[in-house]
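Heads up, the thing below is written out as structure tokens.
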Amino acid sequence: SKMATCSCRGDPHCHQFDQTADAAPLDIKGSCIYTLATDSCGLHGKKRHQSTFAVLANFHKSKIGRPLTYIDQVIIIMKAKKGRKMKIVLGHGGVVKYNAAPVTLPFQPKRKRGLSITMDKEGNTVVALPNGVEVVWNNVKMVEIRAPQDMMGNICGICGRYSGVEDQLDRDRKSVV
């Protein structure tokens, strides 16, 4: 099935799921952790916390006094059974932590079908989630999130809503602080 791609690279310019290739990217200027993509976005109140996964990125200022930031690490949180959460942290230089413990690749946790962390031919760290979402991290400052078509309409975050229509609201607001 077709996958939609969202990517953040460089100082970071984020291209959303529904953006055309020539559309202006979203520039992230704030230095903090942003949610790139998560599900269960239409829910409010208590149900809002029923998301099954979230991909976060820790944006850091490159130099004091400069507006540019870069991605320092990618954090993937997944809901496990009985309300527990699993956390994968992808850092610089190929550092990968699974629930705070460093792991070597390829890595496949026991009793977690459909979850794998591998390295592709280009040396990127690739996290495949059971819901079909893939996160590709180049171990420096580029992250790509690929979402399967069956998640259309159920994703939100910096990567946009993945509705099949370009997010006008997000485009008018060219930078996120």
Side-chain angles (χ1 to χ4, degrees), residues 1-61 67-80 83 85-90 114-117 120 124-138 140-177:
S1 73
K2 209 167 151 278
M3 303 277 268
T5 301
C6 163
S7 66
C8 292
R9 53 173 55 97
D11 301 323
H13 312 299
C14 294
H15 268 279
Q16 298 175 316
F17 289 122
D18 295 315
Q19 271 187 312
T20 53
D22 56 352
L26 211 58
D27 291 337
I28 312 294
K29 296 192 171 98
S31 190
C32 66
I33 294 176
Y34 285 107
T35 300
L36 297 182
T38 186
D39 60 352
S40 302
C41 307
L43 302 171
H44 298 291
K46 285 182 181 158
K47 284 190 173 160
R48 204 163 48 103
H49 302 295
Q50 289 182 352
S51 68
T52 61
F53 85 102
V55 181
L56 316 170
N58 190 3
F59 291 88
H60 255 320
K61 282 245 186 286
L68 305 175
T69 61
Y70 66 93
I71 296 175
D72 187 41
Q73 56 181 203
V74 177
I75 301 146
I76 301 160
I77 296 166
M78 278 183 53
K79 205 166 208 168
K85 287 192 169 113
M86 289 178 338
K87 189 174 173 183
I88 298 163
V89 178
L90 310 175
L115 175 66
S116 67
I117 310 171
D120 68 11
N124 301 309
T125 301
V126 181
V127 181
L129 303 179
N131 60 7
V133 171
E134 280 179 9
V135 180
V136 181
W137 166 241
N138 78 345
V140 186
K141 56 181 186 179
M142 189 283 288
V143 64
E144 204 172 84
I145 300 167
R146 298 177 190 144
Q149 229 164 0
D150 62 11
M151 296 199 86
M152 197 182 249
N154 194 32
I155 286 186
C156 59
I158 295 278
C159 282
R161 286 185 282 280
Y162 187 21
S163 57
V165 184
E166 201 166 340
D167 290 350
Q168 195 61 44
L169 172 94
D170 295 336
R171 251 212 7 249
D172 295 340
R173 199 184 63 229
K174 284 278 190 300
S175 67
V176 176
V177 179

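Note that this is a predicted model, so its numbers are computed, not measured. Below, each value reflects all heavy atoms present in this structure, side chains not excepted, and no hydrogens, waters or symmetry copies. Just so you know, residue 1 is the first one in the sequence shown, and it goes up from there.
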In terms of the angle between their ring planes, are Y70 and H60 parallel, tilted or perpendicular, with boundaries placed at 30° and 60°?
-> tilted

Do L129 and T52 have side chains that get closer than 4.5 Å, going by heavy atoms?
-> no

Is the shortest heavy-atom distance from the side chain of Q149 to the side chain of Y162 under 4.5 Å?
-> yes

Looking only at heavy atoms, which two atoms of N138 and V140 are closest? And how far apart?
-> OD1-N, 2.9 Å

Q73 and V89: which non-hydrogen atoms are nearest, and at how many Å?
-> NE2-CG1, 3.6 Å

Check SG atoms, C8 and C14, less than 2.5 Å apart = yes

Hey, could you give me the CD/SG distance between Q19 and C159, rounded to the nearest 0.5 Å?
-> 10.0 Å

L36 and C6, any side-chain heavy atoms less than 4.5 Å apart = no

How about F59 and D72: do any of their side-chain heavy atoms sit closer than 4.5 Å?
-> no

Taking all non-hydrogen atoms of both residues into account, name the closest pair between I158 and Q16 and its distance.
-> O-NE2, 3.1 Å

Within a strict 4.5 Å, meaning less than it, do heavy atoms of the E134 and E144 side chains meet?
-> no

Atom CD1 in I76, atom CH2 in W137: separation rounded to 0.5 Å?
-> 11.0 Å

At what distance, to the nearest 0.5 angstrom, does CG of N58 lie from OG of S31?
-> 7.5 Å

Does the side chain of L115 reach to within under 4.5 Å of the side chain of V127, using non-hydrogen atoms?
-> yes

Testing M86, M151, K79 for side-chain contact (heavy atoms from CB on, under 4.5 Å) with F53, which one passes?
-> M151

Shortest non-hydrogen contact between T5 and R146, atoms and distance = OG1-CG, 3.8 Å

Backbone N/O of V136 and side chain of N124: donor-acceptor pair under 3.5 Å | no

Nearest heavy-atom contact between K87 and I75 is CE-CG2, 3.7 Å

Locate the shortest heavy-atom distance separating N131 from P148; write the atom from each residue and the value.
-> O-CG, 3.6 Å

Quick one: pull up CG in L56 and OG1 in T35 and give me the separation to the nearest 0.5 Å.
-> 4.5 Å

Euclidean distance, T20 OG1 relative to D18 CG, rounded to 0.5 Å = 10.0 Å

